[in-house]
Amino acid sequence: MKTITAPYKIKGGVHPAYRKELAREQAIRTMPVPSLLRVSMAQHLGAPAKPLVKKGDTVLRGQRIGEPAGFISASVHASVSGTVKAVGPAPTASGAMAMAVDIEPDGNDTWLEQLTPQPNWSALDAKTLTGIVAEAGVAGMGGAGFPTNVKLSPPPDKPIDTLIVNGAECEPYLTADERLMRERPEQVWTGIAILRHILGAKIVRVAIEDNKPDAIRAMKKAMADAEGDVALVVLPASYPQGAEKQQIYGITGRETPSGGLPMDVGCLVENVGTCLAVQDAVVNGRPLTERVTTVTGDPVAEPGNVLNRIGTPYADLIAFCGGLRGSVAKVISGGPMMGFAQGSLDGATAKTTSGLLALAPGQAPVYESLACISCGRCVQACPMGLLPCELSQALEAEDYDLADAFHVMDCIECGCCAYVCPARRPLVQHMRTGKARIALKRREAMQKK
Ligand code: SF4
Ligand code: SF4
């Protein structure tokens, strides 16, 4: 095992105030089970899962309550034992509606021993292990939620030679991944080793920003005896250093093609939380029913990193952290750059809920958007090499063909352009809406064929 610095510099990016000091030194606390859990069927990228239970059913923790509804989809499991109180539509963090299962805990928290623990996992083949990961409903926990078993099954003409483990956590305020690396480095490393074994990847890179020295130390120790081409890569702290395509470039110099996937350049990127979930699924036979979420921001009385059951209402999570004090301008699911502003605290945690952030009025000012002054700052900041100003104007004019030609679908919604824009243009909202419209147009065109 060696330690190296990132050999390539990513394009663009910004240096926002990181504000990680609010939660960084708070050890992970386990939250008691709330009185009701709302488990969404749309916690992953792709088709939402199909509910397998109905009102009045009793369920055990770890029982599958949603089955994958397509190739890119994932199983969903009950995060507590209890009674199903309702099955119906509920808003997800992004505001989209999806089916959810409300479970009232029975107080026993009884597990359904559905998966067999495999402590001797290295004797198993890739197909068996990938099947366990699929059964456990593991999906990318860094925010994207891509079903992990799908990533682990590349077509034969796209072999993966490099496994990159993303411990950058470049999003301001969030510290859940840092705490996992500091507190559970051995388990994280076991998850990495399982992924390496499945992929047969020759090269393993664990990427951590240089502003997390304790996490670097802990992971180095856990990886010390690793054999082969394994390295801990120290990345310069900048945003969005943890974005998939940027990380691949920064570490390998390989450029993922427009519209392409990491597998197109022989790479697979997984977040450290996902590696831990893989370890838990394989070694302990436990489906994904909990995660660590950073609950933070100046209005939060006791910011921290909370191990919570998936489906925990935001209001309960905030209450566990001492509640909110003073005025609150905004609550965001995720971080300030890529998260989703919430209209209320009625939402609930999902596999992808890395953070819940409350901002005070001065920290979330409402600006009037002005006309573009063609300063070019957004172009310099865009890590994808796009022209956010041109894209925004095309999308405002509803010229989706032009925006598509300008590669809006390559936008990773990182928010760097909006962060630097002196005219306060709602660039990310334009990109998000435009991408959704173009995706819909493409789907409609496919259906007509
Ligand atoms: S256009 Fe997209 S990728 Fe580029 S800076 Fe803006 S949000 Fe990020
Ligand atoms: S940063 Fe804002 S004002 Fe400047 S070119 Fe981009 S959109 Fe226009």
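Keep in mind that this is a model prediction, so the values were computed, not measured. Because only heavy atoms are used, hydrogens play no part in the values below, and waters and symmetry mates are left out as well, while side chains stay in. We count ligands from 1, going down the list as the structure has it; atoms in each ligand are counted the same way. Index from 1, following the sequence.
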J.: To the nearest 0.1 Å, how far is atom 2 (Fe) of ligand 2 from its closest protein heavy atom, and which atom is that?
T.: Cys421 SG, 2.4 Å
J.: For the pair Lys2 and Asp229, find out whether any cationic side-chain nitrogen is under 4.0 Å from an anionic carboxylate oxygen.
T.: yes
J.: Please identify which atoms of ligand 1 are closer than 4.0 Å to at least one heavy atom of Pro383.
T.: 5 (S)
J.: Within the supplied structure, the quantity of interest is the number of heavy atoms (other residues, nucleotides, ligands) at a distance under 6.0 Å from Arg437 CZ; does it exceed 12?
T.: no
J.: Which residue supplies the protein heavy atom nearest to atom 8 (Fe) of ligand 2, what is that atom called, and how far is it?
T.: Cys372 SG, 2.3 Å
J.: Once you round to the nearest 0.5 Å, how far does CG of Asp102 lie from CG of Leu36?
T.: 5.0 Å
J.: What protein heavy atom lies closest to atom 6 (Fe) of ligand 1? Include the residue and the distance to one decimal.
T.: Cys417 SG, 2.3 Å
J.: So which protein heavy atom does atom 1 (S) of ligand 1 come closest to, and at what separation?
T.: Pro388 CG, 3.8 Å
J.: For a distance under 2.8 Å, tell me if Cys411 has an N/O/S atom near atom 8 (Fe) of ligand 1.
T.: no
J.: Assess whether side chain to side chain contact (heavy atoms under 4.5 Å, CB included) is satisfied between Arg184 and Gln279, documenting all intermediate values.
T.: CA-CA 11 Å; Arg184 301 180 185 177; Gln279 180 269 344; over 6 Å; no
J.: Considering the heavy atoms of Gly415, write down every atom of ligand 1 situated less than 4.0 Å from one of them.
T.: 7 (S), 8 (Fe)
J.: Does some non-hydrogen atom of Ala381 fall short of 4.0 Å from ligand 1?
T.: no
J.: As an exercise, identify every atom of ligand 2 less than 4.0 angstrom from a heavy atom of Ile373.
T.: 3 (S), 8 (Fe)
J.: Does one side chain, of Gln43 or Ser40, offer a donor that lies under 3.5 Å from an acceptor on the other?
T.: no
J.: Which atoms form the tightest heavy-atom contact between Tyr314 and Ala93, and what is the distance?
T.: OH-CB, 3.8 Å
J.: Give me the nearest non-hydrogen protein atom to atom 4 (Fe) of ligand 1 as residue plus atom name, then the distance to 0.1 Å.
T.: Cys382 SG, 2.4 Å
J.: Which protein heavy atom lies closest to atom 7 (S) of ligand 2, and at what distance to 0.1 Å?
T.: Cys389 CB, 3.7 Å
J.: Hey, is Leu427 one of the residues with a heavy atom under 4.0 angstrom from ligand 1?
T.: no
J.: Can you find a non-hydrogen atom of Pro240 under 4.0 Å from ligand 1?
T.: no
J.: Return the set of residues passing side chain to side chain donor-acceptor pair (under 3.5 Å) with Thr92 (not counting sequence neighbours), or none when no residue passes.
T.: Ser94
J.: Looking only at heavy atoms, what is the nearest atom pair of Gly13 and Cys416, with distance?
T.: CA-SG, 4.1 Å
J.: Around atom 3 (S) of ligand 1, find the nearest protein heavy atom and jot down its residue, atom name and distance.
T.: Ile412 N, 3.4 Å
J.: Any N/O/S atom of Cys375 sitting less than 2.8 Å from atom 8 (Fe) of ligand 2, backbone or side chain?
T.: no
J.: Do other residues, nucleotides or ligands put more than 12 heavy atoms under 6.0 Å from the NZ atom of Lys158?
T.: yes
J.: Counting from 1, what ligand 2 atoms have a heavy atom of Cys378 closer than 4.0 Å?
T.: 1 (S), 5 (S), 6 (Fe), 7 (S)
J.: Taking the side chain as C-beta and beyond, is there a heavy-atom pair between Cys372 and Ser392 under 4.5 Å?
T.: no
J.: Determine whether any heavy atom of Gly376 lies closer than 4.0 Å to an atom of ligand 2.
T.: yes
J.: Using only atom types and a distance under 3.5 Å, with no angle test, would you say the side chain of Lys220 pairs donor to acceptor with the backbone of Thr3?
T.: no
J.: Have a look at Thr293 and tell me which of Asn308, Thr312, Thr349, Thr352 forms a side chain to side chain donor-acceptor pair (under 3.5 Å) with it.
T.: Asn308
J.: Enumerate the atoms of ligand 1 whose separation from the nearest heavy atom of Glu413 is less than 4.0 angstrom.
T.: 2 (Fe), 7 (S)
J.: Could you tell me whether Ser374 approaches ligand 2 through its side chain, its backbone, both or neither, with non-hydrogen atoms closer than 4.0 Å?
T.: backbone
